[in-house]
2 protein chains.
Amino acid sequence: MNQQLQPTTKIEYRKPRSACEKCSVRSLAICAALDDDEVAELERIMTSRSLGPEEMLVSEGDPLNRVFSLTSGMLRLSVALPDGRRQITGFLLPGDYLGLADEDTHSSTAEAIGPVELCSFSAREIAMLIERFPKLKDRLHRFTRAALRQARDNQMILGRLAPVEKLASFLLGLSARAEEHKLPGNPLLLAMSRTDIADYLGLTIETVSRSFTKLRNNGLIRLPDPHLVELVNKSGLQAIAGQGAY
Amino acid sequence: MNQQLQPTTKIEYRKPRSACEKCSVRSLAICAALDDDEVAELERIMTSRSLGPEEMLVSEGDPLNRVFSLTSGMLRLSVALPDGRRQITGFLLPGDYLGLADEDTHSSTAEAIGPVELCSFSAREIAMLIERFPKLKDRLHRFTRAALRQARDNQMILGRLAPVEKLASFLLGLSARAEEHKLPGNPLLLAMSRTDIADYLGLTIETVSRSFTKLRNNGLIRLPDPHLVELVNKSGLQAIAGQGAY
DNA sequence: CGTCACATTGATAATGATCAAGTTGAGTGG
DNA sequence: CCACTCAACTTGATCATTATCAATGTGACG
């Protein structure tokens with residue numbers, strides 16, 4: 001009965017041939033388009049990289065030499081005006097890809113929020129691999145379409161929602177996305193600062209803070225500490241965010 | 001010397017085999033990916049369609065049965081909240097494609113601004129053609145990436161610019177895009193209403209109107225009539241829009 | 001010429017930004 | 001272990017900006 005006594009030719013506890021096979025975002029990231037044999041090809045051109053908190057990965061306007069797939073932690077994408085005003089255009093979660101929008105230069109700055117692990121690829125080499133594996137190309141384009149839909153949702157949030165509505169929408173969106181990425185979505189951990197949230201929602205930190213307080217006072221969320229939000233009343237939040245109740 | 005006397009077997013004034021070949025956006029639209037023989041395939045599955053002013057083409061949430069390529073006129077893309085607030089996420093010009101972001105439903109409402117001519121395709125049929133012609137797929141994805149970059153620029157505009165800055169940015173952007181699409185970019189014809197501009201920039205019509213007045217009083221634009229703008233001082237506009245002078 | 005929609009302009013009000021304290025908690029050194 | 005410091009967040013008071021409300025223009029069309 002003991003399986004370990006069976007012939008060794010039979011694969012029982014197959015050892016992963018690669019780090020990719022046991023990667024926590026194997027089923028989420030672009031590599032999910034490839035089977036284990038094919039992913040070995042991807043791994044040959046991949047290098048791992050770590051970033052410390054607040055470390056910059058790429059800067060707006062940099063030539064598109066490398067692209068990245070996030071495996072752990074969170075990145076913020078932002079663009080800045082000459083006078084220092086900043087707009088955060090998105091937060092990347094594990095499994096997300098950096099470089100979707102770009103043609104030959106990076107269109108946003110990418111910085112780590114907390115410690116980050118990622119896979120790094122030469123843009124040239126991955127372009128070649130994309131041509132070899134149409135499934136990979138299709139997956140990247142699916143990612144790009146999703147990013148476009150998200151960016152358009154953000155336009156509504158930025159242009160037409162009041163501060164509390166913006167915040168409710170942000171919390172619901174991040175929670176949903178966290179769950180899609182196999183991270184806890186309800187007590188929701190906010191890795192980013194109030195300043196980041198403000199620059200994402202087009203507000204000041206004070207207004208963000210006051211909006212948190214309003215949501216808490218209305219019993220919609222709990223805030224055990226500033227970086228942990230419990231979404232107590234999701235449908236109430238959705239109503240405020242302008243999603244539900246059509 | 002008279003060319004008309006030459007043998008008729010020789011092609012001189014080659015008659016276009018298709019309407020596509022003489023189309024004014026032949027070199028701009030998705031069909032630019034295909035040569036004249038290949039575009040005939042596209043034409044076989046294409047139907048023409050006209051829209052009158054303010055006519056709705058698709059509504060948010062509609063199943064993605066058909067996709068479109070704009071040949072003449074302008075479309076606005078918008079999303080709406082239950083209470084009627086509206087955000088315009090983009091304006092489509094001749095050569096632009098409708099359906100880039102969408103997976104199985106339309107994510108925005110599309111309406112004609114003035115008279116519109118477009119090519120209409122079954123989403124299923126064009127998907128098949130896209131698989132047959134990789135060049136076509138690549139072009140669509142290039143379009144999608146460009147739309148993503150534009151949507152992210154819009155996030156900065158909506159989140160961080162003051163009203164005059166928004167308007168300056170809008171005018172410069174539309175002018176540049178008009179020129180890319182072989183339309184006059186400097187006296188610039190604004191097909192859309194002040195309401196549309198307001199819903200694009202996240203403002204009210206009054207604020208849009210006052211911002212026009214400010215730009216005019218500063219000598220940056222002339223406004224022979226409300227729908228015709230002359231960009232008198234482009235670099236001045238760029239400075240206001242937060243683009244130039246880094 | 002009258003009507004109507006759209007745009008502009010003006011007056012007022014509300015919202016969110018700015019300015020200014022406090023509060024909290026993590027990290028440091030006495 | 002307990003002040004001290006510092007950064008991040010919250011809260012409060014005031015101010016500026018933009019939305020709202022209200023006329024007033026203006027041009028297209030009947």
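Reckoned from all heavy atoms, side chains included, excluding hydrogens, waters and symmetry mates. A note on names: the letters A, B, ... follow the listed sequences, proteins ahead of strands, and every chain is numbered from 1.
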- What about A/E206, does its side chain sit under 3.5 Å from the base of D/dC9 through a donor-acceptor pair?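 No such pair is found, so the answer is no.
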- Query: Any donor-acceptor pair under 3.5 Å joining the side chain of A/R210 to the base of C/dT18?
  - Reply: yes
- Given DNA chain D, 5'-ward residue of the pair B/P226 and A/V208, judged by closest heavy atom: A/V208
- Report the residue (A/R194 or A/R160) whose heavy-atom-nearest nucleotide on DNA chain D is the more 5′ of the two. A/R194
Spacing between [X] atom [atom1] and [N] atom [atom2], to the nearest angstrom:
X      : N      : atom1 : atom2 : value
A/I197 : D/dT10 : CD1   : C1'   : 14 Å
A/I205 : C/dA20 : CD1   : C1'   : 13 Å
A/L203 : D/dC9  : CG    : P     : 15 Å

When you measure from the side-chain N and O atoms of [X] to the phosphate of [N], is any distance below 4.0 Å, counting only OP1 and OP2?
X      : N      : value
B/T207 : D/dA19 : yes
B/R216 : C/dA7  : no
B/T213 : C/dT9  : yes
B/H227 : C/dA7  : yes

- Axial cation check for B/F212 ring with B/R194, 6.0 Å and 45° limits: yes
- Message: Given B/K166, which partner from the list B/I157, B/T207, B/I240 fulfils the side chain to side chain contact (heavy atoms under 4.5 Å, CB included) test?
- Response: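 The single option meeting the side chain to side chain contact (heavy atoms under 4.5 Å, CB included) with B/K166 is B/I157.
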- Would you check if B/V79 and B/I88 make a side-chain contact, meaning some heavy-atom pair closer than 4.5 Å? no
- Message: Is it the case that the side chain of B/R177 and the backbone of B/L172 share a donor-acceptor pair, with hydrogens and angles ignored and the cut-off at 3.5 Å?
- Response: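 No, B/R177 side chain to B/L172 backbone: no donor-acceptor pair under 3.5 Å.
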